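The structure displayed is predicted, hence computed values, not measured ones. Order of the sequence lines fixes the chain letters, A, B, ..., with proteins taken first and strands second; residue numbering starts at 1 for each chain.
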Amino acid sequence: MLIGELAERAGTSPRTLRYYEEHGLIHPSRDANGYRQYDDGELRVVHEIRTLLADGFGVDDIKPFVACLRAGNSAGHVCPDSAMVLRRRLAEVDGYLARLTEVQQRLRDQLKEIKCQMTP
DNA sequence: TTTCTTACA
DNA sequence: TGTAAGAA
(Lines give C-alpha, C1' and ligand atoms only; values in the text may rest on other atoms or scores of the structure.)
Protein backbone atom coordinates (compact mmCIF):
# COMPACT_ATOMS: atom_id res chain seq x y z
CA MET A 1 0.00 0.00 0.00
CA LEU A 2 1.06 3.59 -0.49
CA ILE A 3 1.90 6.07 2.24
CA GLY A 4 -1.49 7.71 2.13
CA GLU A 5 -3.36 4.48 2.77
CA LEU A 6 -1.08 3.37 5.58
CA ALA A 7 -1.31 6.78 7.18
CA GLU A 8 -5.08 6.68 7.08
CA ARG A 9 -5.28 3.12 8.38
CA ALA A 10 -2.82 3.89 11.15
CA GLY A 11 -4.51 7.13 12.09
CA THR A 12 -1.54 9.33 11.26
CA SER A 13 -0.24 11.43 8.41
CA PRO A 14 2.19 10.73 5.57
CA ARG A 15 4.45 13.37 7.09
CA THR A 16 4.68 11.40 10.33
CA LEU A 17 5.35 8.16 8.48
CA ARG A 18 8.24 9.76 6.61
CA TYR A 19 9.53 11.03 9.94
CA TYR A 20 9.56 7.48 11.33
CA GLU A 21 11.49 6.40 8.27
CA GLU A 22 14.05 9.17 8.68
CA HIS A 23 14.71 7.80 12.14
CA GLY A 24 15.14 4.24 10.95
CA LEU A 25 11.93 2.90 12.40
CA ILE A 26 10.49 1.73 9.09
CA HIS A 27 12.03 1.04 5.71
CA PRO A 28 9.49 0.85 2.91
CA SER A 29 10.47 -0.23 -0.58
CA ARG A 30 9.98 2.06 -3.57
CA ASP A 31 7.88 1.69 -6.66
CA ALA A 32 9.29 2.58 -10.08
CA ASN A 33 7.85 6.06 -9.69
CA GLY A 34 9.63 6.54 -6.38
CA TYR A 35 6.52 6.12 -4.27
CA ARG A 36 7.02 4.33 -0.96
CA GLN A 37 5.44 0.89 -0.83
CA TYR A 38 4.41 -0.64 2.50
CA ASP A 39 3.31 -4.20 3.16
CA ASP A 40 0.42 -4.98 5.46
CA GLY A 41 2.70 -5.91 8.35
CA GLU A 42 3.81 -2.30 8.66
CA LEU A 43 0.42 -1.38 10.02
CA ARG A 44 1.14 -3.22 13.25
CA VAL A 45 4.62 -1.75 13.40
CA VAL A 46 3.28 1.76 13.05
CA HIS A 47 0.70 1.11 15.74
CA GLU A 48 3.48 -0.12 18.02
CA ILE A 49 5.50 3.02 17.31
CA ARG A 50 2.55 5.29 18.00
CA THR A 51 1.63 3.75 21.34
CA LEU A 52 5.24 3.75 22.47
CA LEU A 53 5.64 7.38 21.45
CA ALA A 54 2.44 8.22 23.32
CA ASP A 55 3.88 6.51 26.38
CA GLY A 56 6.84 8.84 26.28
CA PHE A 57 9.49 6.62 24.73
CA GLY A 58 12.13 8.24 22.55
CA VAL A 59 12.61 7.19 18.94
CA ASP A 60 15.77 5.25 19.76
CA ASP A 61 14.04 3.38 22.57
CA ILE A 62 11.41 2.24 20.15
CA LYS A 63 13.81 0.48 17.79
CA PRO A 64 14.16 -2.71 19.82
CA PHE A 65 10.39 -3.03 19.99
CA VAL A 66 10.08 -2.73 16.25
CA ALA A 67 12.89 -5.23 15.72
CA CYS A 68 11.19 -7.61 18.15
CA LEU A 69 7.95 -7.35 16.24
CA ARG A 70 9.69 -7.86 12.91
CA ALA A 71 11.43 -10.93 14.32
CA GLY A 72 8.06 -12.58 14.33
CA ASN A 73 7.04 -12.11 17.92
CA SER A 74 3.43 -11.51 18.84
CA ALA A 75 4.34 -8.30 20.63
CA GLY A 76 7.23 -5.86 20.57
CA HIS A 77 7.88 -5.99 24.29
CA VAL A 78 8.65 -9.67 24.71
CA CYS A 79 12.33 -9.44 23.71
CA PRO A 80 15.27 -8.89 26.09
CA ASP A 81 16.27 -5.59 24.52
CA SER A 82 12.74 -4.30 24.84
CA ALA A 83 12.59 -5.42 28.46
CA MET A 84 15.68 -3.39 29.21
CA VAL A 85 14.19 -0.24 27.73
CA LEU A 86 10.95 -0.98 29.54
CA ARG A 87 12.67 -1.10 32.92
CA ARG A 88 14.48 2.15 32.27
CA ARG A 89 11.29 3.89 31.21
CA LEU A 90 9.41 2.57 34.22
CA ALA A 91 12.12 3.91 36.53
CA GLU A 92 11.77 7.25 34.79
CA VAL A 93 8.01 7.31 35.18
CA ASP A 94 8.31 6.27 38.81
CA GLY A 95 10.63 9.22 39.31
CA TYR A 96 8.22 11.64 37.68
CA LEU A 97 5.36 10.30 39.75
CA ALA A 98 7.31 10.67 42.95
CA ARG A 99 8.20 14.24 42.06
CA LEU A 100 4.59 15.02 41.18
CA THR A 101 3.45 13.59 44.48
CA GLU A 102 5.84 15.92 46.27
CA VAL A 103 4.52 18.92 44.37
CA GLN A 104 0.96 17.81 45.06
CA GLN A 105 1.62 17.60 48.77
CA ARG A 106 3.33 20.99 48.87
CA LEU A 107 0.47 22.67 47.03
CA ARG A 108 -2.06 21.10 49.36
CA ASP A 109 -0.14 22.31 52.38
CA GLN A 110 0.10 25.84 51.03
CA LEU A 111 -3.59 25.93 50.18
CA LYS A 112 -4.48 24.61 53.60
CA GLU A 113 -2.37 27.33 55.16
CA ILE A 114 -4.22 30.01 53.18
CA LYS A 115 -7.62 28.66 54.14
CA CYS A 116 -6.70 28.83 57.81
CA GLN A 117 -5.86 32.51 57.52
CA MET A 118 -9.11 33.28 55.71
CA THR A 119 -11.22 31.71 58.42
CA PRO A 120 -10.54 33.65 61.63
C1' DT B 1 -5.12 13.21 -7.31
C1' DT B 2 -1.30 11.54 -4.82
C1' DT B 3 3.39 11.41 -3.69
C1' DC B 4 8.19 13.28 -3.51
C1' DT B 5 11.66 16.48 -1.53
C1' DT B 6 12.95 20.47 0.83
C1' DA B 7 12.24 24.28 3.76
C1' DC B 8 10.11 27.27 7.29
C1' DA B 9 7.32 32.38 11.01
C1' DT C 1 4.18 17.78 13.07
C1' DG C 2 1.80 20.98 10.00
C1' DT C 3 1.96 23.41 5.77
C1' DA C 4 3.85 25.29 1.23
C1' DA C 5 6.09 25.10 -3.25
C1' DG C 6 7.35 22.98 -7.57
C1' DA C 7 7.84 18.67 -10.09
C1' DA C 8 6.50 13.99 -11.54
- [ ] Kindly work out whether a path of hydrophobic side-chain contacts (I/L/V/M/F/W/Y, heavy atoms less than 4.5 Å apart) joins A:Y20 to A:M1.
- [x] yes
TODO: Spell out, yes or no, whether A:L43 and A:F65 are grouped together once hydrophobic residues are joined by side-chain heavy atoms under 4.5 Å, including indirect joins.
DONE: yes
Task: A:Y38 OH to A:L2 CG distance, which is reported to the nearest 0.5 Å - done: 9.0 Å
Open item on the list: Tell me the interatomic distance from A:R15, atom CZ, to B:dC8, atom C1', rounded to whole angstroms.
Closed with: 11 Å
Open item on the list: Could you measure the distance from the CZ atom of A:R36 to the CD1 atom of A:I3? Nearest 0.5 Å is fine.
Closed with: 5.0 Å
Open item on the list: Give the dot-bracket line for DNA chain B from 5' end to 3' end: parentheses for intra-strand Watson-Crick or G-U pairs under 3.5 Å, square brackets for crossings, | for inter-strand pairing, dots for unpaired.
Closed with: .|||||||.
Open item on the list: Using 0.5 Å steps for rounding, measure from the CZ atom of A:R70 to the CD atom of A:E48.
Closed with: 11.0 Å
- [ ] Verify the cluster assignment for A:L53 and A:V85: are they in a single hydrophobic cluster under the rule of side-chain heavy atoms below 4.5 Å apart?
- [x] yes
TODO: Could you tell me whether a side-chain N or O of A:D81 sits under 3.5 Å from a main-chain N or O of A:P64, the two making a donor and an acceptor?
DONE: no
Task: Strand contacts (DNA chain C) in residues 18-36 of chain A, 4.0 angstrom heavy-atom criterion - done: A:Y19, A:Y20, A:Y35
Open item on the list: With a cut-off of less than 4.0 Å, is there a side-chain N or O of A:T16 near OP1 or OP2 of C:dT1?
Closed with: yes
TODO: Check whether any side-chain nitrogen or oxygen of A:T12 sits under 4.0 Å from OP1 or OP2 of C:dT1, and answer yes or no.
DONE: no
TODO: Start with the C-alpha distance between A:R88 and A:D61, add both sets of side-chain angles, then the distance that settles salt bridge (charged side-chain N to carboxylate O under 4.0 Å, His left out), and finish with yes or no.
DONE: CA-CA 10 Å; A:R88 185 158 58 59; A:D61 290 339; 2.6 Å; yes
